[in-house]
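Here's the structure we're looking at; comments come further down.
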Amino acid sequence: MQPTGRQDIEFGPFRLDGHNRRLIRDGASVSLGGRAFDILLVLAMAAGETVGKVALLDQVWPGLTVEENNLQVHISGLRKALGEGWIITVPGRGYRLVMPSGDPGGSGATTSAPLADRPSVVVLPFANLSGNLDEEYFSDGLADDIITALSRNRSLFVIARNSSFTYKGRTIETKQVARELGVRYIVEGSVRRAAGRIRVNAQLIDAEAGIHIWAERYDRDIADVFAVQDEIAEALTTAINPAVGEAELRRALRKPPENLGVWEAYQRGLWHARKATAADSEQALSFFRRAVELDPTFASPHAMLAFCYGWGFRFASGGILPVHEISSVAEYEARRAIRLDPDDATALAALSWLSMCEGDCSGALERAEHAISAAPNDAVAWVAKGRILQFSGRSKDALIAYETALRLSPVGPTNWIILAGLTISHYFERDYSATVEAARRTIRDYPEFNSPYRWLAASLGQLGRGDAGSALRKAIEVSPQSFDFYVHSRPPWFRAGDHEHMLDGLRKAGWKA
């Protein structure tokens, strides 16, 4: 490529040295391949204007026929090199490089960074209120651990420690911090230690709205200081992740459907997915497909399509879709997601369930464990493990996995599956009273979800309760197709003994084959 015009372009902390073909950030070279550098140079020379995909292909690969996928791969690499938020996808048109305010053609410094195209978080250094500088290691280590843990969430853009710790000891308004770092959410807190006890106060701030969306206080006895630090960091991370998720859902819901971008469409899909109704299931699929159309390189909506098809939307279209048909669609979307992000926990979880459906129990559990190692604070990974354990004769272990998932995601798109999993695992453990309680909780929260009605009837039958018959009639009435599917044929993920155990409870409730 032989671009014309200025060969030395600055934007934000970056400088493109066109003569030596180098990208420099704060005096240090950033590693880029030749094609990626050419793409970035074309975008930078456009001075913030959108460059069409065809124009990029023509300028970077002149005279060659190149698939658009090659361009997407290099764009993805550039985003990793620059950080999220610098290269924006303009749906149906192309890409543009964000030129910060006051830096239009690329000269001079800026005090404003672009927002990432996903929720962005900075964890500021926790204030040490103990009056002892020797305690700094605890407050700094706590913030460090939270940054590390939040960074495992693939949906979050987390500011690195070397940037967030430049604010240590400084009193700056949260809106200024958000503007300078390009973040939506700020985590800040304080640590006070005295007389063998430690108190940590933490809060999550929506910097754009200027409001607190979550706050908590943790009091602990100090026995092993590092164990306490780990415990509090895990508790904080477990609370922050769903709080950000809820804030993002509310943000997406405020936008008109026709104005939704990729991230907002994905969030709207999540909102519908957690409703567990036939109509919402269809809406969820629609929004995830829209997100894929807007940006095919975004792994998460592909993964959620796999999740939806593979994990329970079989009856969403008003009838039963064959297992092999939904499995085929689910596997296709899951593998697309994994090609884009090999550690996407939702896609790995979906593949683990598909392995279970094919009778590969050990392979299914291995994939579920992979999902947990990739995203230990992602509820869907623990749900995957719970389901595999539940249908492979380890229902007691499944209960632990489901309880972990519920702790990580008190409200989320997988909660109807978590509650159903707890119900089934209690039944397999022959704890029928606990099954009744779990089933009724699930029905209360998700009245259109058919599974808990069936297990309620079976458990009441096992207990010899007089209301078992009415529960059975309700189970059939809610979804005749679902009831017929599960009782007249054994689904491939059911062990023969477990299926017969369910039928035994239904017979005692009054069902006749």
Side-chain angles (χ1 to χ4, degrees), residues 76-77 79-80 83-84 116 118-121 123 144-160 230 233-242 244-245 248 263 266 270 273 288 291 297-311 330-356 360-389 397-398 400-409 412-415 417-418 421:
S76 178
R79 283 173 169 151
K80 289 179 181 178
E84 293 289 344
R118 54 190 163 129
S120 43
V121 181
V123 180
D144 241 350
D145 287 349
I146 297 168
I147 291 169
T148 300
L150 288 177
S151 297
R152 296 194 186 106
N153 184 335
R154 316 292 286 189
S155 295
L156 293 180
F157 173 58
V158 182
I159 298 296
D230 289 346
E234 181 182 357
L236 279 163
T237 307
T238 301
I240 290 166
N241 273 319
V244 170
E248 286 296 297
W263 178 255
Y266 171 64
L270 291 179
F288 292 138
T297 65
F298 185 19
S300 296
H302 288 292
M304 279 305 298
L305 283 170
F307 170 86
C308 292
Y309 277 108
W311 285 44
E331 181 173 6
Y332 172 76
E333 293 293 349
R335 295 199 180 280
R336 285 187 72 182
I338 288 171
R339 281 199 298 272
L340 294 165
D341 182 355
D343 289 330
D344 188 291
T346 302
L348 291 167
L351 283 180
S352 76
W353 180 241
L354 294 174
S355 295
M356 189 68 183
D360 182 7
C361 182
S362 61
L365 188 57
E366 183 178 330
R367 279 175 164 159
E369 294 287 7
H370 182 180
I372 290 173
S373 66
N377 290 314
D378 193 327
V380 74
W382 289 95
V383 170
K385 184 174 182 178
R387 280 170 70 90
I388 305 310
L389 294 172
D397 293 333
I400 296 171
Y402 284 129
E403 286 161 1
T404 302
L406 196 59
R407 177 174 59 84
L408 291 170
S409 178
T414 59
N415 282 57
I417 299 178
I418 297 172

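Along the sequence shown, residues carry numbers from 1.
- Rounded to the nearest 0.5 Å, atoms CH2 (W353) and CZ (R387) are 4.0 Å apart.
- D145 is linked by a salt bridge (Lys or Arg N to Asp or Glu O under 4.0 Å) to nothing, counting only residues two or more places apart in sequence or in another chain.
- Minimum interatomic distance between G386 and A398 (heavy atoms only, all atoms of both residues): O-CB, 3.4 Å.
- Taking 4.5 Å as the limit, every side-chain heavy atom of Y402 sits out of range of all side-chain heavy atoms of L406.
- When the salt bridge (Lys or Arg N to Asp or Glu O under 4.0 Å) test is applied to D397, the partners found at least two apart in sequence or on another chain are R394.
- Legend: residues meeting salt bridge (Lys or Arg N to Asp or Glu O under 4.0 Å) with R335, ordered by chain and number and at least two apart, are E331.
- Separating the CZ atom in F307 from the CZ atom in F288 is a distance of 8.5 Å, to the nearest 0.5 Å.
- For E366, the side-chain contact (heavy atoms from CB on, under 4.5 Å) test picks out no residue, with sequence neighbours left out.
- Residues passing the side-chain contact (heavy atoms from CB on, under 4.5 Å) test with I338 are A347, L348, L351, sequence neighbours excluded.
- Here the shortest heavy-atom pairing between P376 and L408 reads O-CD1, 3.8 Å.
- For A384, the side-chain contact (heavy atoms from CB on, under 4.5 Å) partners two or more places apart in sequence, or in a different chain, are W311, A349, S352, A368.
- Within the model, atoms CE of M356 and CZ of R367 stand 13.5 Å from one another, a figure rounded to the nearest 0.5 Å.
- Proximity of H302 to D344: side-chain heavy atoms (C-beta onward) are nowhere separated by under 4.5 Å.
- The two atoms that bring A299 and D341 nearest to each other are CB-CB, 3.8 Å, heavy atoms only.
- For T404, there are no side-chain hydrogen bond (donor to acceptor under 3.5 Å, both in side chains) partners two or more places apart in sequence or in a different chain.
- With contacts defined as side-chain heavy-atom distances shorter than 4.5 Å, the pair V158/T148 does not qualify.
- When the salt bridge (Lys or Arg N to Asp or Glu O under 4.0 Å) test is applied to E369, the partners found at least two apart in sequence or on another chain are K385.
- A distance of 5.0 Å separates OG1 of T237 from CG of L150, quoted to the nearest 0.5 Å.
- Note that SG of C361 is 8.0 Å distant from CG of L389, once rounded to the nearest 0.5 Å.
- Applying the side-chain hydrogen bond (donor to acceptor under 3.5 Å, both in side chains) test to T297 and every residue at least two apart in sequence or in another chain returns D295.
- The side-chain contact (heavy atoms from CB on, under 4.5 Å) test applied to A405 returns A379, W382, V383, I418, not counting sequence neighbours.
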